[in-house]
Each structure stands twice: as structure tokens, then as C-alpha cells.
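Note that these values count all heavy atoms, side chains included, but never hydrogens, waters or copies made by symmetry. Order of the sequence lines sets the chain letters (A, B, ...), proteins ahead of strands, with each chain counted from 1.
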Amino acid sequence: MIKDVFIRDILLKAEGFEGSRVRVCGWVHRIRDLGGVKFVIVRDRTGFLQAVFKRGEVPGDVMGLADSLREECVVCIDGVLRRAPTREGFEVSALELSVLSYPVEPLPLEVHSSLSAGLSTRLRYRWIDARNPKVSAVFLVKSWVARKFREYYSSQGFVEIFTPKIVSSGTESGADVFPVLYFDRTAYLAQSPQFYKQFAVIAGFERVFEIGPVFRAEPHHTVRHLNEYHSLDIEIGFINSFHDVMNYVEGFFRKLAEDSVKEEEIKRIMEDFNIEPIKIPEEGAPRIPIRKAYEILEEEYGKKIPPGEDLDSEGEKLLGNYAREKYGSDLVFITEYPWKVRPFYTMRKEDEPSWTYGFDLLMRGLEVVTGGQREHRYEKLKKNLADKGLRYEDFQYYLEFFKYGAPPHGGAGMGLERITMQMLGLQNVREARLLPRDTERITP
RNA sequence: GCCGCGGUAGUAUAGCCUGGACCAGUAUGCGGGCCUGUCAAGCCCGUGACCCGGGUUCAAAUCCCGGCCGCGGCGCCA
């Protein structure tokens with residue numbers, strides 16, 4: 001290996017290694033050339049370290065090479081670690097320099113100020129933009145959320161599954177999926193692992209989770225939609241009610257909230273982003289039936305939504321504010337959604353069939369989770385399908401899952417990018433996706 | 001899909017409403033020079049742009065039409 005340590009590791013051990021030889025490899029972040037002395041700030045994934053080249057103290061050919069450096073050159077610098085009045089408290093007094101790569105033309109983005117460029121420019125040159133620590137921090141948090149998801153559900157007896165992303169029909173209606181040519185047939189990119197996670201429960205795994213891509217063919221123009229994103233999915237067998245599902249969802253968010261203030265790196269990033277830790281009250285996030293939510297919106301905010309209709313995004317924002325003010329909670333479950341706005345596999349309320357055991361979770365006023373109890377009874381499922389006006393033949397393979405013993409079950413799907421966005425207060429969900437796919441963008 | 005706003009050097013912007021003094025200003029980058037402790041280093045010189053097409057006008061970055069692209073709101077959703 002050319003590089004054997006990260007800058008952070010050098011700095012952590014710096015106290016004891018003052019005066020010894022170190023090698024720092026990374027990108028040239030900044031150059032401050034004072035003529036006789038040249039400061040080169042090297043950046044890697046873990047931090048910054050300043051190297052100093054002093055004319056007269058380094059060999060002439062090394063100084064000459066140092067004069068050729070430009071921002072974003074990839075370098076390895078060998079030198080002596082010394083205490084210095086820099087932000088890191090140390091610097092490397094350079095002795096040797098190797099330049100592994102030079103930019104071949106002026107940079108389209110400056111890494112240290114990439115955030116001041118427009119988002120579309122940043123995405124066009126995302127591999128440069130992402131070198132900015134404030135940008136990569138988003139992806140460290142995203143990676144952390146995914147890891148917590150795995151850890152939490154694994155610890156609760158869930159099994160990780162991996163389901164097909166090339167499917168024969170859309171999950172709900174087939175209207176919002178991408179067709180793909182599959183040999184001589186048309187297949188579709190999965191818009192959710194919904195059917196297959198239910199399959200896994202029925203196949204006897206009982207509790208399953210998956211982290212996988214989902215594809216939505218809707219031509220949105222908003223700051224909260226992507227045509228490809230990662231879904232955190234769970235499905236749980238042998239539940240009493242959809243409250244069991246909400247308990248498991250809430251358990252995960254509580255884990256995020258607690259660990260984000262316990263773990264230094266995440267805590268520091270959230271402070272950098274100037275955002276409060278996630279707040280969930282001791283007694284749990286409020287669970288508000290949507291019919292109650294209509295009343296709250298009307299009484300507290302004068303906003304009318306016809307009963308039986310879905311909440312609009314303004315309504316969600318207001319309910320987010322309400323939960324924050326009334327319950328001190330960043331999370332609020334809205335429950336018992338109307339049958340009209342839920343997919344056919346949702347279990348309807350026994351006594352009120354126009355309402356369901358479906359819920360959403362709003363995080364700081366944005367929908368980040370959808371879930372509910374599923375209909376596991378074959379005959380009722382068939383009827384639901386018919387009530388939605390869907391064709392039996394299109395879902396026959398799915399209905400068969402329910403013919404030979406299916407436990408009562410439910411689950412939820414969570415948007416990884418939306419959770420990341422809300423945790424960090426990002427203005428656009430595209431910022432939480434390294435290479436977003438949206439209506440216009442399929443490169444890079 | 002519907003609606004609104006926008007497109008000026010590599011990047012970010014000023015100028016547009018009220019057409020002419022704009023061969024387009026500023027910052028940063030880039031090229032060159034000075035400088036042996038910088039920290040958004042500083043100073044000097046240089047470099048580089050009006051999205052495309054059509055129209056109005058003596059005159060268009062500026063007004064009008066079309067296209068393309070970008071951003072956002074709605075719907076729908078995670």
C-alpha cells in the first residue's frame with residue numbers, strides 16, 4: 001500500500017510521535033505560497049494536515065516539484081511530524097514529495113467552497129463535490145443510519161433478506177413503474193419489496209428486513225422525491241395489531257435518537273449542521289388517528305381536508321409542528337388511513353371498512369415511513385383487490401402466497417434518504433443521494 | 001403531468017423592471033510576478049461570459065415568440 005494511515009490516525013497518535021517520520025497521502029486542499037515557505041494542506045477522508053516546504057531546508061528538486069502543485073493534486077508527502085500553531089496542532093515538515101496525479105485542466109468546482117455552487121453543478125461534478133467534508137458527512141450519516149437499521153432489527157430477531165428488483169408487475173397499480181426489456185417480455189423495476197417481504201414472512205422467516213433500491217417512475221419536481229432511492233423495509237409476522245409494527249418502527253428511531261448523541265462522530269456532524277438531536281418523548285411518539293388529525297388541522301390551523309382524503313404536504317408540516325409543540329416530539333404517527341388512499345393489501349378496520357390499519361410516520365413534518373397491518377386472509381385479500389378494480393390475473397402469483405397458511409403480519413417501508421435529510425436538516429433530498437436519479441438526470 | 005421563476009467567464013454573482021454611456025462589473029479559480037509562518041494568506045499584472053433560434057428597434061444581456069436546460073410549488077409518494 002502506498003498509504004497506510006489516515007490523517008486522523010496520525011493526529012490521534014501525534015503527541016507520542018512528535019519528531020518522527022510520517023507519510024501523509026491525500027488531495028491537496030489548499031496551497032499558501034509565501035515564496036520561501038509553502039504551506040500545503042492535505043485532505044483525506046478523515047481530516048486535514050498541513051505540510052510545510054521551506055526553501056533551503058528541503059532538497060531543491062523537491063521544492064521544484066512542490067512549486068508545481070495545484071489544488072486537488074493527489075500526493076504523498078513524507079516528513080517529520082512537528083507541533084505547530086495550526087488548527088490540528090501539528091504539521092509535517094516535508095522532506096519528500098510524490099505527486100500521484102495532477103488535474104489536467106482547471107477544476108470546475110472548488111472543493112473548499114463547493115457548497116456555494118448550485119446543486120445541479122455540484123451533482124454534475126459530484127465526485128469533486130463529495131470531497132468536501134461537509135458533503136461527505138451526509139453520506140457518513142446515511143451509512144450510519146443503514147448500519148443502525150441492520151443492528152437494531154438483527155438484535156430483535158429479524159433476518160436480512162434480498163429480494164428481486166426485476167419484477168413482473170407493479171406493486172399496487174403498475175402505473176408508476178419503469179418497464180424493462182426482459183428477454184422477449186416486459187418486466188418492471190421494483191417500486192417496493194412489498195410482496196417479497198410478505199412472501200418471506202409467509203415462507204416462515206417470521207421477521208425480516210431489507211435494505212434495497214426502489215424505483216418510482218413518477219415525474220416529480222420537488223425537493224423530497226427521487227426516482228431511485230433506498231428503502232429500509234421490515235415485515236413482521238404474528239402481530240396483534242398495527243401498533244406492534246409502530247412499536248418496532250419507533251424502537252429503531254429511538255435507537256437513532258439515542259446513539260446520535262452518544263457517538264462522537266455523528267454528534268459532531270449534527271452540531272456542524274447546526275441541528276438539534278431527534279426528540280422522542282419518554283412515553284413514545286404520539287399516534288394520532290387521521291380522523292383526529294383532520295380535526296386538529298381544522299381547529300388549530302383552520303385547514304380543511306375532506307374526511308377520507310389524504311393529507312397534503314402542508315397538512316403534514318402542520319401536524320409536525322403540532323407534535324413538536326404539544327408533545328415535544330419530532331415524530332408523529334398518523335394512523336387509520338382511509339381505504340381509498342391505501343393499497344389493496346392493507347388490512348381494513350373490521351367494523352369500519354372504509355378505514356384501515358395503515359399508518360405513516362412524519363419526522364419533522366415530512367413523511368418518512370409508511371406501514372400497516374396487511375390483509376393475510378385469502379378471501380378478504382381477493383375482495384380488496386376487486387374493490388380496488390385491479391385484475392386478479394396480474395396479482396395471482398401474489399395471492400397464492402396466502403393460500404397455504406399465512407400468519408397475521410404487518411410491516412413498514414422507510415426512506416433512507418428522507419431520514420438522512422430530516423436528521424441533518426437538508427433542504428433537498430438529492431443532497432442525501434450520491435448520484436440522484438430524477439426526471440432529467442441519469443448521468444453521471 | 002399542471003403551474004411559477006430562472007439561464008451572464010471554470011464557479012458564484014451584479015446588470016435586465018426603466019433598451020444606448022456594458023467591446024458587460026465584482027469575488028474566486030486559472031497563467032505570471034513579489035513575499036520564509038500562512039490559516040478564506042496578502043499585494044501587482046494578465047485571462048475568461050450574455051443558453052439556442054427567430055422577431056421588434058437606428059440600437060438588445062435587457063423587450064416579444066419558440067425551443068432546450070435548470071430550480072421550485074402542486075398532485076402523488078418514502
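Across the P atoms, B:rC45 and B:rG70 are found 40 Å apart, a figure rounded to whole Å. The P atoms of B:rA14 and B:rG7 are separated by 9 Å, rounded to the nearest whole Å. Look at the P atom in both B:rG15 and B:rA9: the space between them is 16 Å, to the nearest Å. Comparing the same atom, C1', in B:rU28 and in B:rC71 gives a spacing of 23 Å after rounding to whole Å. Distance noted for atom P between B:rU38 and B:rG42: 12 Å (whole Å). A distance of about 15 Å separates the P atoms of B:rU56 and B:rC65, rounded to the whole Å. Nucleotides B:rG29 and B:rG10, compared at atom C1', are 7 Å apart to the nearest Å. Separation of the P atoms belonging to B:rU47 and B:rG25 is 11 Å when rounded to the nearest angstrom.
Nearest-nucleotide positions on RNA chain B place A:Gly118 closer to the 5' end than the other of A:Arg30 and A:Gly118. Mapping A:Ala117 and A:Ala84 onto RNA chain B by nearest heavy atom places A:Ala117 closer to the 5' end of the strand.
Two residues are said to be in side-chain contact when any heavy atoms from C-beta on lie closer than 4.5 Å; A:Arg70 and A:Val28 fail this criterion. Between A:Met421 and A:Glu431 there is no side-chain heavy-atom pair separated by less than 4.5 Å. Taking the side chain as every heavy atom from C-beta outward, A:Glu18 and A:Leu81 never approach each other to under 4.5 Å.
Distance from the side chain of A:Arg216 is smallest for B:rC77 among the nucleotides B:rG72, B:rC77, B:rU28. For A:Leu226, the listed nucleotide lying nearest its side chain is B:rA78; candidates were B:rA78, B:rC35, B:rG37. For A:Arg82, counting side-chain heavy atoms from C-beta on, the closest listed nucleotide (B:rC77, B:rA12, B:rG37) is B:rG37. For A:Arg441, whose side chain is taken as the heavy atoms from C-beta onward, the closest listed nucleotide among B:rG31, B:rG70, B:rG37 is B:rG70. Taking the side chain of A:Thr121 as heavy atoms from C-beta on, and the options B:rC74, B:rG32, B:rU11, the nearest nucleotide is B:rU11. Candidate nucleotides B:rG29, B:rG75, B:rG37 were compared by shortest atom distance to the side chain of A:His225, and B:rG75 ranks first. Closest to the side chain of A:Pro106, from the set B:rC2, B:rC30, B:rG10, is B:rC30. Checking B:rG1, B:rG37, B:rC74 against the side-chain heavy atoms of A:Thr222 singles out B:rC74 as nearest. For A:Ser313, counting side-chain heavy atoms from C-beta on, the closest listed nucleotide (B:rC77, B:rC74, B:rG37) is B:rC74. Residue A:Val37 places its side chain closer to B:rU36 than to any other of B:rU36, B:rC39, B:rG1.
Remark: P of B:rG37 and CD of A:Glu91 are 12 Å apart, rounded to the nearest angstrom. Summarising the geometry, the separation between CD1 on A:Ile31 and P on B:rC39 is reported as 16 Å, rounded to the nearest angstrom. A:Glu72 has its CD atom 15 Å from the C1' atom of B:rU28, to the nearest Å. What separates CG of A:Asp360 from P of B:rC76 is a distance of 13 Å, to the nearest Å. Between the CD atom of A:Glu431 and the C1' atom of B:rG72 there is a distance of 14 Å, given to the nearest Å. In this entry the distance linking NE2 of A:His220 with P of B:rA78 reads 10 Å, nearest Å. Following rounding to the nearest Å, A:Asn227 (CG) and B:rC77 (P) show an atom-to-atom distance of 15 Å. Rounded to a whole Å, the NE2 atom of A:His112 is 11 Å from the C1' atom of B:rU11.
For A:Arg287 and A:Phe333, the positive end sits near the middle of the six-membered ring, less than 6.0 Å away and at most 45° from its axis. Cation-pi contact between A:Lys388 and A:Trp339: present, with separation from the ring centre below 6.0 Å and deviation from the ring axis of at most 45°. For the pair A:Lys134 and A:Phe273, the cation-pi test (distance below 6.0 Å, angle within 45°) is passed. Within the cation-pi definition used here (under 6.0 Å to the ring centroid, within 45° of the axis), A:Arg433 does not qualify as a partner of A:Tyr229.
Residue-level contact check: A:Glu316 touches the bases, meaning some heavy atom is under 4.0 Å from a base atom. As judged by a 4.0 angstrom heavy-atom cut-off over every strand, A:Arg224 is placed among the base-contacting residues. Counting non-hydrogen atoms under 4.0 angstrom, A:Leu34 reaches a base of the nucleic acid. Backbone-only contact: A:Val369 has heavy atoms under 4.0 Å from sugar-phosphate atoms and none from a base. Heavy atoms of A:Pro219 sit under 4.0 angstrom from at least one base atom. Among the protein residues, A:Val223 comes within range of the sugar-phosphate backbone only, with heavy atoms under 4.0 Å from sugar or phosphate atoms but none that close to a base.
Between A:Phe215 and A:Phe178, the ring centre distance reaches or exceeds 6.0 Å.
The ring pair (Phe, Tyr, Trp, His ring centres under 6.0 Å) test with A:Phe158 singles out one residue from A:Tyr152, A:Phe252, A:Tyr153, and that residue is A:Tyr153. Among A:Asp360, A:Asp387, A:Asp310, the single residue meeting the salt bridge (charged side-chain N to carboxylate O under 4.0 Å, His left out) criterion with A:Arg342 is A:Asp360.
For B:rC71, neither phosphate oxygen OP1 nor OP2 lies less than 4.0 angstrom from any side-chain nitrogen or oxygen of A:Arg122. For A:Ser231 and B:rA78, the shortest distance from a side-chain N or O to OP1 or OP2 is not below 4.0 Å.
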side-chain hydrogen bond (donor to acceptor under 3.5 Å, both in side chains) assessment of A:Tyr102 paired with A:Ser68: CA-CA 9 Å; A:Tyr102 286 96; A:Ser68 75; 2.6 Å; yes
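Contacts with RNA chain B (heavy atom under 4.0 Å) in residues 40-67 of chain A: A:Gln50, A:Lys54, A:Arg55, listed by number. Only A:Gly413, A:Arg418, A:Asn428, listed by number, bring a heavy atom of residues 412-428 of chain A to less than 4.0 angstrom from any atom of RNA chain B.
Applying the 3.5 Å distance criterion, the base of B:rG10 shares a donor-acceptor pair with the side chain of A:Glu110.
Look at A:Tyr229 and the base of B:rA78; the rings stack, centres closer than 5.5 Å and planes less than 30° apart.
Judged purely by atom type and a 3.5 angstrom limit, A:Lys349 has no side-chain atom pairing as donor or acceptor with the backbone of A:Ser354. With hydrogens and angles disregarded, a donor-acceptor distance shorter than 3.5 Å links the side chain of A:Glu250 to the backbone of A:Ala285. At least one donor-acceptor pair closer than 3.5 Å links the side chain of A:Asn247 to the backbone N or O of A:His243.
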Dot-bracket notation for RNA chain B, counting Watson-Crick and G-U pairs under 3.5 Å, with | for partners on another strand: (((((((..((((......[....))))((((((.......))))))...(((((..]....))))))))))))....
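Of all non-hydrogen atoms in A:Pro193 and A:Glu210, the two that sit nearest each other are CB-OE1, 3.5 Å. Smallest separation of non-hydrogen atoms from A:Ile7 and A:Arg43: CD1-C, 4.1 Å.
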